[in-house]
Amino acid sequence: MQSSPQALSAIPPEKRIVSGSEAVILSLLEENVDTIFGYPGGAIMPVYDALYDFQDQIRHILMRHEQGATHAAQGYSRVTRKVGVCLATSGPGATNLVTGIADAMMDSTPMVCITGQVASHLLGTDAFQETDVISMTIGITKWNYQVTRAEEIPLAIAKAFFIANSGRPGPVIIDICKDALLGSTEFEYEHVTKVGAYTPLPVASKQNLQEAADLLNTAQRPYCLLGHGVMIAGAQDLFKEFIEKTGIPVGSTMQGLSALPSDHPLHTGMLGMHGNYGPNILSNKADVVIAIGMRFDDRVTGDVKRYLTDAQVIHVEIDPAEIDKNIMADVALLGDAADVLRELIPMVEKRSHPEWRKLFHDADKVEYEKVIQHDIHAQGEFVRMAEVVHQLSEKTKGEATVVTDVGQHQMATARYYKFRETDAWVSSGGLGTMGYAVPAAFGAAIARQDRPVLCFVGDGAFQMTLQELTVLAYEKTPVKIILLNNGFLGMVRQWQELFFEGRYSFVHMHNPDFVAVGKAFGLEAERVDTRAQLSDAIDRMLAHEGPFLLEIKVEQEGNIFPMIPSGCSVDEVILEPKH
């Protein structure tokens with residue numbers, strides 16, 4: 001017989017005898033979990049039975065696919081910096097989590113996934129809905145663990161939360177056998193603050209800090225690369241103080257967007273394959289580069305052999321595995337970005353670098369003339385992605401949470417939405433997961449109801465997880481979905497045009513009536529076919545209180561520039577197609 005929450009509260013903690021499934025819920029409560037995204041099934045059913053009695057303390061949201069649960073948990077985590085939590089059953093339930101787990105690992109998103117498993121005596125027998133989730137996820141989690149006894153549950157969950165959200169964050173899986181969930185245990189909970197030799201917070205040495213300060217104080221052309229780690233560390237204010245004291249211009253990785261307001265005078269734009277012109281061509285002219293909370297991804301560096309060739313590199317990074325992995329560091333500052341900046345700020349001198357910064361302004365003028373003015377002030381028959389993003393940026397004053405899927409629309413949004421708020425960019429970076437946006441936007445909207453949520457998707461990515469529209473409608477979550485429909489798998493088509501002689505192999509999309517689809521799921525929906533319709537349609541969408549799908553027919557064969565072709569140096573960025 002299960003204990004009710006009221007009965008549990010009346011029993012002294014040291015004498016609580018509970019089921020394993022109740023221990024799961026009580027452990028989540030101890031970790032201050034308020035929201036779970038999940039999908040029930042056979043092996044996890046005891047947890048759902050226990051959850052029935054705790055509905056007033058934990059909100060469970062029934063997603064329509066387990067992958068949707070992971071992305072919703074990611075969206076929730078990205079805007080709150082709390083651990084996202086999801087539940088799934090064994091077998092296909094667990095395997096459906098894998099993409100989202102891998103995505104969270106690549107983008108350092110803390111997540112605890114709890115899966116049910118067949119009874120311990122059936123392990124290895126190919127029982128119904130048995131999969132070896134531990135072996136399957138060992139390479140895409142910070143830690144995973146299989147529970148076979150009820151008494152293991154509290155400690156396993158405590159470790160999971162500590163590991164997921166300490167150091168460089170990431171996903172954790174706890175796989176719990178059904179007999180452990182049905183068994184009983186004396187419930188005691190202790191928060192974990194240390195696990196073996198795991199050292200989540202390395203401390204930068206005084207000598208290295210001094211070496212870094214000396215380099216920055218004597219640099220003539222210093223440049224700062226801003227990564228996602230600044231927001232993970234909650235170091236936005238310290239970062240701003242650091243750059244304003246040193247006068248160092250800043251280029252942001254895609255995942256670093258919204259850590260610094262887009263209109264800050266030291267913000268030069270986005271780095272990387274479709275980043276801004278100045279940050280790319282001038283990276284190799286810097287004499288000192290300080291990279292903070294970023295991992296030198298290949299989409300930022302281009303050809304690593306021709307990247308930062310004249311610069312001394314200071315790498316601020318919490319994960320020792322990232323130091324010297326892609327780019328050799330002259331000075332490594334191992335530690336949390338906030339802790340390192342707090343130590344470094346008193347050691348650096350007040351400087352301004354006007355001549356160096358002018359080079360970025362000059363590059364901006366070139367990019368504006370060659371690319372930006374044609375993108376945001378487009379002429380001709382077809383709407384361009386950039387002008388849609390630009391209008392939404394203006395109409396929301398840069399104060400929305402912006403969620404994107406993966407593809408051309410993602411790059412257009414990263415380039416043209418001008419952020420004023422922090423922790424406001426939610427996108428799949430390292431894994432590039434199509435289908436991410438709709439459930440992630442839902443999770444972000446559940447977590448942050450104090451600002452609008454804009455969800456930019458392409459017609460290809462949208463169809464991978466559109467079943468989650470049901471959840472948006474049922475929960476009345478005011479996510480505004482902007483579907484930029486070009487009738488292609490746009491980014492693949494762009495590459496085929498530029499690098500495969502225009503041989504469009506299986507990239508044409510034969511799409512449904514998206515407005516009818518949106519309405520069938522219970523959303524308000526509208527289509528824009530011409531530029532003249534665009535502004536008023538956006539206003540109606542933003543004014544609508546509930547979820548809204550705005551399909552916008554955009555230029556079919558439009559390309560995203562600037563672009564660094566794969567394998568090229570950042571110096572070889574192209575601003576327009578070469579005919």
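Between Arg59 and Glu475, at least one side-chain N (NZ, or NE/NH1/NH2) sits under 4.0 Å from a carboxylate O, which counts as a salt bridge. We find that Arg295 and Glu317 are not joined by a salt bridge, their nearest charged nitrogen and carboxylate oxygen being 4.0 Å or further apart. Remark: Glu349 does not engage Lys245 in a salt bridge, criterion side-chain N to carboxylate O under 4.0 Å. A salt bridge is defined here as a Lys NZ or Arg NE, NH1 or NH2 lying under 4.0 Å from an Asp or Glu carboxylate O, and Glu355 with Arg221 fails to meet this definition. Between Lys397 and Glu421, no side-chain nitrogen of the basic residue sits less than 4.0 Å from a carboxylate oxygen of the acidic one, so the salt-bridge criterion is not met.
More than 12 heavy atoms of other residues, nucleotides or ligands sit less than 6.0 Å from atom CZ of Arg81. Under a cut-off of 6.0 angstrom, the local environment of CG in Asp237 is sparse, with at most 12 non-hydrogen atoms contributed by other residues, nucleotides or ligands. Remark: Lys325 NZ is packed, more than 12 non-hydrogen atoms of other residues, nucleotides or ligands lying under 6.0 Å away. The neighbour count for Lys370 NZ, taken as heavy atoms of other residues, nucleotides or ligands under 6.0 Å away, does not exceed 12. Summarising the local packing, CZ of Arg451 is surrounded by more than 12 heavy atoms from other residues, nucleotides or ligands at distances under 6.0 Å.
In this structure, CE on Met294 lies 12.0 Å from CD on Gln255, to the nearest 0.5 angstrom. The distance from atom CZ of Arg415 to atom CZ of Phe561, rounded to the nearest 0.5 Å, is 11.0 Å. For the atom pair Ile248 CD1 and Ser352 OG, the distance stands at 11.5 Å (nearest 0.5 Å). Taking OG1 from Thr396 and CG from Leu542, the interatomic distance works out to 7.0 Å, rounded to the nearest 0.5 Å. Between atom CD1 of residue Ile114 and atom CD1 of residue Ile25 there is a gap of 7.5 Å, rounded to the nearest 0.5 Å. To the nearest 0.5 Å, atoms CG (Asp175) and CE (Met136) are separated by 9.5 Å.
Here the side chain of Glu322 pairs no donor or acceptor atom with the backbone of Asp319 at under 3.5 angstrom. Checked by atom type and distance alone, the side chain of Asp336 pairs as donor or acceptor with a backbone atom of Asp339 at under 3.5 Å. Asp303 places a side-chain N or O within donor-acceptor distance of the main-chain N or O of Lys305, the cut-off being under 3.5 Å. Of the possible polar contacts, one joining the Thr465 side chain to the Gly435 backbone as a donor-acceptor pair under 3.5 Å is found. Formation of a donor-acceptor pair under 3.5 Å by the His374 side chain with backbone atoms of Glu369 is found in this model. Judged by distance alone, the side chain of Gln74 and the main-chain N or O of Ser428 form no donor-acceptor pair under 3.5 Å. No donor-acceptor pair closer than 3.5 Å links the side chain of Ser262 to the backbone N or O of Lys418. Checked by atom type and distance alone, the side chain of Asn217 never pairs as donor or acceptor with a backbone atom of Val348 at under 3.5 Å. Of the possible donor and acceptor atoms, none in the side chain of Ser393 sits under 3.5 Å from a partner among the backbone N and O of Gly398. Listed for the Ser166 side chain is no donor-acceptor partner under 3.5 Å among the backbone atoms of Pro200.
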_Pair Lys82-Tyr76, side-chain hydrogen bond (donor to acceptor under 3.5 Å, both in side chains): steps then yes or no_ = CA-CA 8 Å; Lys82 295 171 63 177; Tyr76 175 95; 3.3 Å; yes
*Starting from the C-alpha separation in whole Å, work towards a yes-or-no answer on side chain to side chain contact (heavy atoms under 4.5 Å, CB included) for Thr268 and Val250.*
CA-CA 6 Å; Thr268 66; Val250 177; 5.6 Å; no
*Do Arg306 and Glu572 pass the salt bridge (charged side-chain N to carboxylate O under 4.0 Å, His left out) test, and can you show the C-alpha distance, the side-chain angles, and the key distance before you say yes or no?*
CA-CA 10 Å; Arg306 293 182 284 166; Glu572 297 172 292; 3.2 Å; yes
_Audit row: Arg299, Asp297, salt bridge (charged side-chain N to carboxylate O under 4.0 Å, His left out) steps and yes/no_ = CA-CA 5 Å; Arg299 288 298 173 102; Asp297 178 77; 5.7 Å; no
*For side chain to side chain contact (heavy atoms under 4.5 Å, CB included), just list the numbers for Asn326 and Tyr307, CA-CA rounded to whole Å, side-chain angles, deciding distance to a tenth of an Å, and then say yes or no.*
CA-CA 10 Å; Asn326 297 322; Tyr307 186 64; over 6 Å; no
*ring pair (Phe, Tyr, Trp, His ring centres under 6.0 Å) between Phe360 and Tyr223, worked out*: CA-CA 11 Å; Phe360 288 93; Tyr223 197 37; 5.0 Å; yes
_Evaluation steps, side chain to side chain contact (heavy atoms under 4.5 Å, CB included), between Asp107 and Arg78_ = CA-CA 10 Å; Asp107 286 347; Arg78 287 281 289 272; 4.1 Å; yes
_Does Val402 form a side chain to side chain contact (heavy atoms under 4.5 Å, CB included) with Val389? I'd like the steps, not just the answer._
CA-CA 10 Å; Val402 175; Val389 177; over 6 Å; no
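Exactly one of Ile323, Ile327, Val331 qualifies for a side chain to side chain contact (heavy atoms under 4.5 Å, CB included) with His315. That residue is Ile323.
A side-chain N or O of Ser427 and one of Thr404 form a donor-acceptor pair less than 3.5 Å apart. Under 3.5 Å, the side chains of Arg168 and Ser108 contain a donor-acceptor pair of N or O atoms. The closest side-chain donor-acceptor pair between Asn276 and Glu367 falls under 3.5 angstrom. If you check the side chains of Thr309 and Asn284, you find no donor sitting under 3.5 Å from an acceptor. Residues Tyr189 and Glu31 have side chains that bring a donor and an acceptor to within less than 3.5 angstrom of each other. A side-chain N or O of Thr422 and one of Gln236 form a donor-acceptor pair less than 3.5 Å apart.
Side-chain contact between Val304 and Asp298 is absent, with no heavy atoms from C-beta onward closer than 4.5 Å. Counting heavy atoms from C-beta on, the side chains of Phe187 and Ser27 come closer than 4.5 Å. Taking the side chain as every heavy atom from C-beta outward, Ile36 and Cys86 never approach each other to under 4.5 Å. The shortest distance between side-chain heavy atoms of Gln410 and Asp405 does not fall below 4.5 Å. The closest side-chain heavy-atom distance from Ile243 to His264 is below 4.5 Å. Here the side chains of Leu282 and Tyr277 are not in contact, with every heavy-atom distance at 4.5 Å or above. Looking only at side-chain heavy atoms (C-beta outward), Tyr198 and Trp143 stay at 4.5 Å or farther from each other. For the pair Asp263/His267, no side-chain contact is recorded, criterion being any heavy-atom separation below 4.5 Å from C-beta on.
Ring geometry for Phe239 versus Phe242: interplanar angle of 30 to 60°, hence tilted. Between His71 and Tyr436, the angle of the ring planes lies from 30° to 60°, which puts this pair in the tilted group.
Residue Gly443 comes nearest to Phe37 through the heavy atom pair CA-CZ, 4.1 Å, listed as atom of the first residue, atom of the second, then distance. Between Val192 and Val195, the closest heavy-atom pair is CG1-CG2, 3.6 Å. In terms of heavy atoms, Ile376 sits closest to Ala386 at CG2-O, 4.1 Å.
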